[in-house]
2 protein chains.
Amino acid sequence: MPTRKPTPDGVARPRLTVMRDVAKLAGVSHQTVSRVLNNHPNVREETRARVLDAMRSLNYRRNLAARTLVTRQSDTLGIIGFETTLFGPASMLHGIESAARDAGYMVSIASVRDLDRRQVLEAVDRLTQHSVDGVIAIAPKQSVTHALAQAPPSLQCVAVGGAGESDAAPTVSIDNALGARLATQHLLDLGHATVHHAAGPPDWPESAERIEGWRRTLYAAGAVVPPVEHGWWDAESGYEQGHALARDPSVTAVFCSNDRIALGVLRALHEAGKRVPDDVSVVGFDDMPDSGFFVPPLTTVHQDFGELGRRSLALLLEHMTHTPAAELPPPNHVLVSPQLVVRASSGPARPDCTRT
Amino acid sequence: MPTRKPTPDGVARPRLTVMRDVAKLAGVSHQTVSRVLNNHPNVREETRARVLDAMRSLNYRRNLAARTLVTRQSDTLGIIGFETTLFGPASMLHGIESAARDAGYMVSIASVRDLDRRQVLEAVDRLTQHSVDGVIAIAPKQSVTHALAQAPPSLQCVAVGGAGESDAAPTVSIDNALGARLATQHLLDLGHATVHHAAGPPDWPESAERIEGWRRTLYAAGAVVPPVEHGWWDAESGYEQGHALARDPSVTAVFCSNDRIALGVLRALHEAGKRVPDDVSVVGFDDMPDSGFFVPPLTTVHQDFGELGRRSLALLLEHMTHTPAAELPPPNHVLVSPQLVVRASSGPARPDCTRT
DNA sequence: TGCGCGCCTGTGAACGTTAACACGTAGACG
DNA sequence: CGTCTACGTGTTAACGTTCACAGGCGCGCA
């Protein structure tokens with residue numbers, strides 16, 4: 001009697017308990033079970049209790065595939081990831097996931113190896129087939145945001161962690177310009193004549209915005225704007241840029257586009273015999289977990305990746321539930337403010353180098 | 001005619017194209033479309049082409065929810081994660097995800113805040129409701145593996161990255177004992193009388209296994225086994241342990257349970273005026289992305305987290321497709337070998353400290 | 001010629017859920 | 001006392017796919 005179908009090959013699939021079983025045990029119809037499950041108001045309290053009991057005693061689990069089939073929503077969100085192995089993206093992913101769980105959503109990930117339009121659209125496609133209700137792209141480059149704009153309009157997308165201010169999709173990002181300004185101004189305030197910059201890759205908006213913020217701050221202070229070298233986001237790149245900087249005696253302060261670059265710069269300066277912060281001050285960006293234990297502990301701009309993730313989820317949810325009829329539409333761009341964390345790698349300029 | 005249902009409220013859902021539409025356009029039955037989609041052999045070449053054309057011109061996407069409902073498999077794998085913000089777990093996650101994609105699977109994540117049995121089982125439950133075909137747990141502690149054993153037997157689970165050799169579930173892990181031996185022996189070979197150890201948390205198998213490997217190696221070499229201090233996995237903990245080690249003049253070599261601890265130890269030694277490697281040699285574990293740019297560049301034990309992820313996926317797939325009838329069952333435990341990477345933080349012992 | 005056996009295709013019935021509608025009862029209100 | 005509405009519940013029909021089975025057609029072989 002438990003198996004309804006004799007399955008000709010003899011290997012019976014382990015018939016799982018469904019609504020009808022619960023209904024039979026509770027002495028109601030399957031629809032009532034459904035109502036209990038979906039917290040429909042019109043169910044007598046006593047009936048509800050009986051159904052709940054039956055569910056418990058049968059260890060019933062609702063089949064979400066069936067539910068998705070008919071409701072066309074899966075309570076699942078998709079995440080498009082890139083380089084999720086790095087601290088920043090990994091933290092955002094985690095922030096999104098944990099906020100999603102609290103909101104009752106499951107999270108599926110689809111990473112891409114490169115950020116070109118084709119791969120991003122492919123990822124969107126994979127997620128669509130799994131009928132996700134919305135998508136968050138951890139999208140450091142603008143190509144992603146543009147690709148997102150080509151997604152089917154029925155699918156809400158949000159980009160997090162790259163450039164702000166794109167009209168292609170709602171975005172959540174750090175105020176990179178502000179961060180750069182905090183770092184640069186901090187060094188100027190310490191009396192440095194100017195601040196050099198060890199930049200990240202030129203085609204990443206995060207890098208570009210930090211350069212712009214740094215440049216503007218110097219300009220506003222009437223300081224010379226030194227030329228910029230570009231590199232990748234890692235310590236090796238910082239090491240190379242650091243060598244060049246160490247050779248130039250006029251360099252007394254360096255703002256690095258992230259903490260890993262700063263680590264490389266610190267090592268290059270150390271090898272060149274320059275003391276930090278006595279000879280040269282160094283400031284990073286990100287506040288990675290252990291940057292407080294570099295030699296010396298790194299002054300840096302803290303960004304809260306987890307918060308970024310949570311905010312992007314909140315924004316996505318707002319856009320998903322927003323109906324044209326509602327009064328005020330959710331914002332299209334959210335900017336999160338970073339904070340300066342002063343530690344030991346930045347200090348006052350030597351008297352002979354102070355700007356006039 | 002496109003909308004079949006006039007939807008009384010006037011808001012017509014955007015009827016999406018389904019198999020029947022494709023079938024009609026191609027002049028076949030929906031079942032034939034299904035066959036084409038599933039690469040069934042018995043379809044005439046010309047028919048297949050016609051169906052494919054129709055699918056393209058209608059921009060057809062198969063509805064996976066419906067497919068899951070009837071086949072009871074979702075082509076989705078579940079991942080239970082913990083602290084996925086750290087480099088190791090993040091890399092494993094990425095390794096799993098990218099291998100899963102190549103194998104045609106989607107990946108859903110369910111992280112837990114703590115590793116107790118209840119939360120892990122809750123995560124399994126969430127994944128089960130979304131009818132995942134299998135589960136990989138990034139499971140550094142044994143409680144996870146035990147919890148996994150309580151999952152419904154129809155659900156294949158694999159644990160990765162913690163202790164090897166648990167009978168509760170198949171596991172994939174690094175040979176921590178071997179790694180510890182490589183590090184310790186390397187230092188002994190450099191002439192150090194003995195090797196001190198800055199350990200991780202005592203209740204993590206990874207930490208315990210490294211201690212054991214280190215202890216065994218010292219014992220085999222007839223060296224004194226110094227007492228162990230425990231800490232957490234971060235640089236702060238290494239910094240604290242490093243202070244104590246710096247005070248003890250007999251310390252000439254330190255093996256750290258991971259690179260972050262090593263970073264803290266390096267800073268503590270630096271502040272105490274000890275030179276590395278001239279006065280004290282330091283070896284880490286993990287080979288994090290930038291450990292080659294610490295001051296000095298860190299000698300460490302490299303573990304390939306991505307490989308760990310890929311192997312765990314492969315093992316899961318083997319266990320999932322394995323039928324009792326098949327000749328040899330897949331292995332229950334896979335051990336991946338780490339490798340020693342010698343850089344500048346380890347060097348020969350000072351003559352007066354060489355062991356006799 | 002007749003029979004069997006491959007190939008290719010179509011028809012109907014699942015899968016487990018929610019949506020739409022219908023029905024019966026009880027209280028409110030004219 | 002009739003009608004209207006709200007509530008609680010059951011019945012039936014989707015949702016879009018795959019599975020099981022039934023044919024038709026062509027070919028080889030007795």
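Numbered from 1 within each chain, the chains take letters A, B, ... in sequence-line order. Values in this document were obtained by computation on a predicted structure and should not be read as measured data.
At distances below 3.5 Å, at least one donor-acceptor pair connects side-chain atoms of B:D21 with backbone N or O atoms of B:V18. B:E83 places no side-chain N or O within 3.5 Å of a backbone atom of B:P89 that could act as its donor or acceptor partner. Not one N or O on the side chain of B:N38 forms a donor-acceptor pair closer than 3.5 Å with the backbone of B:R35. For B:T84 (side chain) and B:G81 (main-chain N/O), no donor-acceptor pair under 3.5 Å exists by modelled atom type. Although no hydrogens or angles enter the test, the distance criterion places a donor-acceptor pair under 3.5 Å between the side chain of B:E97 and the main chain of A:S111.
Remark: A:S74 pairs with A:T68, A:T76, A:S131, A:D133 by the side chain to side chain contact (heavy atoms under 4.5 Å, CB included) rule, at least two apart or across chains. Residues satisfying the side chain to side chain contact (heavy atoms under 4.5 Å, CB included) test with A:L115, not counting sequence neighbours, are A:F82, A:V112, A:P140, A:K141, A:S143, A:V144. Under the rule for a side chain to side chain contact (heavy atoms under 4.5 Å, CB included), the partners of B:R311 that lie at least two apart in sequence or sit in another chain are B:V172, B:E307, B:V334, B:V336. In terms of the side chain to side chain contact (heavy atoms under 4.5 Å, CB included) criterion, residue partners of A:R50 (sequence neighbours excluded) are, by chain and number, A:V28, A:E46, A:T47.
Atom P of nucleotide D:dG8 and atom CD of A:E46 are separated by 12 Å, given to the nearest angstrom. For B:R20 and C:dG12, the CZ to P distance is 13 Å, given to the nearest whole Å. Separating the CG atom of A:D75 from the P atom of C:dT17 is a distance of 15 Å, rounded to the nearest angstrom. Atom CD of A:Q73 is separated from atom C1' of D:dC15 by 14 Å (rounded to the nearest Å). One atom, CG of A:D21, and another, C1' of C:dG16, lie 11 Å apart when rounded to the nearest Å. Between the CG atom of A:L69 and the P atom of C:dA14 there is a distance of 17 Å, given to the nearest Å. Here C:dA13 presents its P atom at 19 Å from CE of B:M19, a figure rounded to the nearest Å. Regarding B:L16, its CG atom lies at a distance of 16 Å from the P atom of D:dA14, rounded to whole Å.
Between B:S34 and D:dT17, a side-chain N or O to OP1/OP2 separation shorter than 4.0 Å is absent.
A heavy atom lying under 4.0 Å from DNA chain C marks the following residues of residues 56-64 of chain A, by number: A:Y60, A:R62, A:N63.
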Check the interface with nucleotides 7-11 of chain C: list each N/O to N/O pair with the protein under 3.5 Å, or write none.
{"residue": "C:dT9", "atom": "OP1", "partner": "B:R44", "partner atom": "NH2", "Å": "3.4"}
{"residue": "C:dT9", "atom": "OP1", "partner": "B:T47", "partner atom": "OG1", "Å": "2.5"}
{"residue": "C:dT9", "atom": "OP2", "partner": "B:R44", "partner atom": "N", "Å": "3.0"}
{"residue": "C:dG10", "atom": "OP2", "partner": "B:S29", "partner atom": "N", "Å": "2.8"}
{"residue": "C:dG10", "atom": "OP2", "partner": "B:S29", "partner atom": "OG", "Å": "3.2"}
{"residue": "C:dG10", "atom": "OP2", "partner": "B:T32", "partner atom": "OG1", "Å": "2.7"}
{"residue": "C:dG10", "atom": "N7", "partner": "B:R35", "partner atom": "NH2", "Å": "2.8"}

